[in-house]
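Structure first, then comments.
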Amino acid sequence: MPLSVQEKFDKAVAYVKSLPKDGPYQPDQGTQLKYYANFKQATEGDVNTPKPGLFNFVGAAKWNAWNEVKGRSQEDAQKKYVELLVQDLEKMSPKSEEIEKLLEELKA
């Protein structure tokens with residue numbers, strides 16, 4: 001039986017959080033911000049904190065990314081997060097057995 005959107009999201013989040021900092025999968029900063037924004041939208045909804053100060057570059061980038069997905073439903077944010085991971089994992093070559101299994105589960 002295929003996984004629910006929530007189950008796919010939970011698996012994707014667990015995988016991304018378990019990645020070693022120096023592992024084979026290294027998303028660029030733009031991709032990391034997309035993951036962050038969709039994670040926050042999926043778990044907390046619309047941005048709910050004041051915009052960080054001018055010199056807090058990382059905080060401002062994260063806030064802006066999250067604010068860009070404002071209005072997206074939590075389920076759509078979960079789907080987008082999973083979609084981002086699937087796209088990135090499909091680009092990997094060669095793929096480990098673990099990644100092949102994860103892709104199969106996320107795409108079902």
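This chain uses plain numbering: 1 for the first residue, then up along the sequence.
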Excluding Val5, membership of its hydrophobic cluster (Ile, Leu, Val, Met, Phe, Trp, Tyr; side-chain heavy atoms within less than 4.5 Å) reads none
Across all chains, not counting sequence neighbours, the side-chain contact (heavy atoms from CB on, under 4.5 Å) partners of Leu33 are Ala61, Lys62, Ala65
For Lys107, all residues meeting salt bridge (Lys or Arg N to Asp or Glu O under 4.0 Å), sequence neighbours excluded:
Glu90
Greater than 12 external heavy atoms within 6.0 Å of Gln87's CD:
yes
Side-chain touch Leu106/Tyr15, heavy atoms, less than 4.5 angstrom
no
Does a side-chain N-to-carboxylate-O contact under 4.0 Å join Lys101 and Glu105?
yes
Please, which pairs that meet ring pair (Phe, Tyr, Trp, His ring centres under 6.0 Å) have at least one residue in residues 85-108, sequence neighbours excluded?
none
Of all residues at least two apart in sequence or in a different chain, which pass the salt bridge (Lys or Arg N to Asp or Glu O under 4.0 Å) check with Lys34?
none
dist Lys40:NZ -> Asn67:CG (nearest 0.5 Å) comes out at 13.0 Å
Might you point out which heavy atoms bring Ala60 and Pro52 nearest each other, and give the distance in Å?
N-CG, 3.7 Å
Can you tell me how far apart CG (Leu103) and CG (Leu85) are? Round to the nearest 0.5 Å.
7.5 Å
So, does Gln41 use its side chain to make a donor-acceptor pair with the main chain of Tyr36 at under 3.5 Å?
no
Can Glu75 and Lys79 be said to form a salt bridge (charged side-chain N to carboxylate O under 4.0 Å, His left out), step by step?
CA-CA 6 Å; Glu75 183 173 319; Lys79 288 177 182 176; 3.4 Å; yes
Quick check on the hydrophobic clustering: are Leu89 and Leu3 connected, directly or via other members, by side-chain heavy-atom contacts under 4.5 Å?
no
Please check if Leu84 and Val16 belong to a single hydrophobic cluster, counting links between Ile, Leu, Val, Met, Phe, Trp and Tyr side chain heavy atoms closer than 4.5 Å.
yes
Within residues 37-95 or reaching into it, pairs that qualify as ring pair (Phe, Tyr, Trp, His ring centres under 6.0 Å) - sequence neighbours excluded:
Phe9-Tyr81, Tyr35-Tyr81
Check Thr43 against Gln74 and note the closest heavy-atom contact, atom names and distance.
C-NE2, 3.8 Å
Would you say the side chain of Gln78 lies within less than 4.5 Å of the side chain of Asp10, judging by non-hydrogen atoms?
no
Reported CD1-to-CD distance for the pair Ile99 and Glu104, which is rounded to 0.5 angstrom
14.0 Å
